[in-house]
Structure formats: structure tokens, C-alpha cells
Protein chains: 2
Amino acid sequence: MSASSRFAVAVHILALLETNANQALSSSSIAASVNTNPVVIRRILGRLNKAGLVHTEYGADGGTRLARAAHEITLNDIYHATENCRILPLHASSPNQDCRCGRTIQPVLSSIFSSAEAAMQQVLANKSLAEVVREMQAQAKPPVVQPS
Amino acid sequence: MSASSRFAVAVHILALLETNANQALSSSSIAASVNTNPVVIRRILGRLNKAGLVHTEYGADGGTRLARAAHEITLNDIYHATENCRILPLHASSPNQDCRCGRTIQPVLSSIFSSAEAAMQQVLANKSLAEVVREMQAQAKPPVVQPS
DNA sequence: TGAATATGAAACAAGTATAGTTACATTTTA
DNA sequence: TAAAATGTAACTATACTTGTTTCATATTCA
């Protein structure tokens, strides 16, 4: 029922690219921040490249940069780039078509599940990478509490 | 991670119980409609029992009935009874805490992911089992198209 | 009392997806 | 040409789901 952690890692990668926008980052340096293997990062970068969210260059001094401004990338863009499957799957094997219930339930569920998923994606679509980075920086410097 | 179809099967089970409310159904008869093994059904019924959505009786002439009226059971109730995990998981292993990005991303993501999940569950909470059954019955008898 | 019917639970196999790792061919730059 | 980087394949370990068999337990009824 759950998605993979690719989505969370992808947001992490893109936030890192945005906060280091002056240089191209290698999969190794990104992996050091995410705390995983560079190949795991490259696999996700492959999806982000295919979606046109980043641009990668080969060779010495190569690496990855954002392909768009951070305020023009939504979390829903990142979600679609990294996850394939429906969040709420139907039956593993088709129900009994000789039963009225078995015949009719899947179209009804499919429609409801699509609405539920759309509501989730709407929240993601309303949040840009730029906002995420801003919230992360606010997290880093918590507001000072006034002494009483 | 693989996705679970427990939620879809659970809705199927409960819709079947509602449309056969005059009798208790055995796991075998339910399995015949879902097109799977009775033990698979009993595993899901165990979760629905624990959540108080159905009531099961042992022995000859035993079986399962709805524990509440269908209009008092929402899809969100069923969702919570059958699925455990968050829909949008964070990193598999904790990011590097020596990196500003690694330190700050998880609380930000966690909050956003909670909002996204809440939006999805709100859609499910607005749909009752009774409505699902009604839509299934409408599916079974499609409206007649007026001849031109 | 005993047979029949049902659940609950344990154990196991098979399939699938993810995460991590190693290895290597390819590309680019200095 | 050497160094540094990517892309990709292959392999392992882990975990979850689905399906299956088996059996103890509970209940009903003849």
C-alpha cells in the first residue's frame, strides 16, 4: 500500500541541488548527504532527468544541476517522476464475474480511489521545491523565544 | 515495497455483507465472490473484527455480519482497519545529520506528507459503505439511453 | 454424545519490490 | 592518456503480500 522512499530521497536531492545551485553535484556528494550509495542516487537522478527536472553532465567536473527554477518545480512533479504505481490498488486477481458484487465493485472502487489519489496529489501540487527549501531553512534557524 | 490490495478486498467483503444482510456469510462463500482462498478472507475479517466493523460467530451456521449500519461505516474506517503503513514513507535510513539539508528535511517532509495523506483520507471519510453499495447497484442497472 | 461446520492461527512457498553493493563500459575534461 | 564522472547490469538481502495446507478450537444439531 505504500510508495517507496524514492520520493522522499528525490525531494532531498533536489533541495540539495537548489541550496548548491552554484555548482554541479556528483552522485557521490549527494549520497553523502542522503547517507546511501551513489548508485541509489544515480537511479533516482535517472528518473529526474527523464522527467526534465534536472540536467546531468558526464565526465570530470560533471554532475547534476536543477533544470528549472525551484519555484517552478512542485512536489507533484517530483512524485510523478519517482513513483509508478497507484497508491490504492484494486484486487490482486479479478473478482468472480458470476457474482453481482464481483462484477460491479471494481469500476466503483477505481473511481473513488482516483479521487482519493487526486486529493493527495493536489496537496503536493500546491507545494513547490522553493517552499520546501524555505521551510528547511526556517527549521535550521528556529525563532528566538523572548525571555519573560 | 509492494502494494496491498487488502483495502479493496475489505470493501468488497463489506459490500457483500451489506447486500446479504439477512444471513451470516462464511469465509468460503465470501472467497467465492472475491475469487481467492478462504484463509485470505479470514485474515482480513480478523482486522475488520478487531476494528469493530463486523461480528463473527463460530460453529456450524456461523459466519460474519456487519456490526454497524452501512451508512455508519466510511471507507476511511475500512482503510484504517486494513492498512498499517504511511502512504508516503520517509528515507529508508536516516540522512546525514552533519549536513544542513540532511538535518532539516525530514521534519519538513513529514509534515507535508501528513497533509497529503489527510487529504486522501478525507475523500475516503466522505464516502460510506452504503453509498458504495448504491453506486454498485447503479452500475448493475445502467440508465437507459433515450432513443433519438 | 458425536458429527458437521465454521473460525483462528501457524507455517510455508512463490512472487514482487526496494535498498544496497560491486563491477564495468562510456563519456568528458584537463 | 589519465582522472572523474555517469549509466547500467548483476547480485544479495530484506520485507511484504498472496496463496496454500494443516490443525486446534468453538458451536450447532441430530
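We name chains A, B, ... by the order of the sequence lines, and we start the count at 1 in each one. Both backbone and side-chain heavy atoms feed into the values below; hydrogens, waters and symmetry mates do not.
For S5(A) (side chain) and A8(A) (main-chain N/O), no donor-acceptor pair under 3.5 Å exists by modelled atom type. The main-chain N or O of P95(A) is found under 3.5 Å from a side-chain atom of Q97(A) such that the two form a donor-acceptor pair. Remark: side-chain polar atoms of S111(A) are not paired, donor with acceptor, to backbone N or O of P107(A) under 3.5 angstrom. Here the side chain of N76(B) pairs no donor or acceptor atom with the backbone of L124(B) at under 3.5 angstrom.
Atom CD1 of I41(B) is separated from atom P of dG19(D) by 9 Å (rounded to the nearest Å). In this structure, CZ of F7(A) is placed 15 Å from P of dT18(C), rounded to the nearest angstrom. Counting to the nearest Å, the C1' atom of dA9(C) and the CG atom of L45(B) are 14 Å from each other. Look at CG on L88(B): it is 16 Å from C1' on dT18(C), rounded to the nearest Å. Whole-Å rounding puts the N37(B) CG to dA10(C) P distance at 17 Å. Rounded to whole Å, the distance from NZ on K50(A) to C1' on dT6(D) is 15 Å. dT17(D) atom C1' lies 15 Å from atom NE2 of H91(A), rounded to whole Å. Computed from coordinates, the R86(B) CZ to dT18(C) P distance equals 19 Å when rounded to whole Å.
Residues R43(A) and A60(A) each lie close to DNA chain D; by heavy-atom proximity, the contact nearer the 5' end of the strand is made by A60(A). Between G62(B) and G59(A), the one whose closest nucleotide on DNA chain C sits nearer the 5' end is G62(B).
Of all the residues in residues 17-34 of chain A, not one reaches under 4.0 Å from DNA chain C with any non-hydrogen atom.
Heavy-atom neighbours of R47(A) CZ from other residues, nucleotides or ligands within 6.0 Å: above the threshold of 12.
Checking the phosphate oxygens (OP1, OP2) of dG8(C), no side-chain nitrogen or oxygen of R42(B) falls inside 4.0 Å. When the side-chain nitrogen and oxygen atoms of S5(B) are compared with OP1 and OP2 of dT18(D), one or more of them lie within a distance under 4.0 Å.
Here the nucleotide nearest the side chain of Y58(A), chosen from dT27(D), dT6(D), dT21(C), is dT6(D). Checked against dT18(D), dA9(D), dA19(C), the side chain of V39(A) finds its nearest nucleotide in dA9(D).
Among the protein residues, R6(B) comes within range of the sugar-phosphate backbone only, with heavy atoms under 4.0 Å from sugar or phosphate atoms but none that close to a base. Nucleic acid contact class of T36(A) (heavy atoms, under 4.0 Å, all strands): sugar-phosphate only.
Using a 3.5 Å distance cut-off with no hydrogens or angles, the side chains of N37(A) and R43(A) do not pair a donor with an acceptor. Side-chain atoms of Q137(A) and T104(B) include no donor-acceptor pair closer than 3.5 Å.
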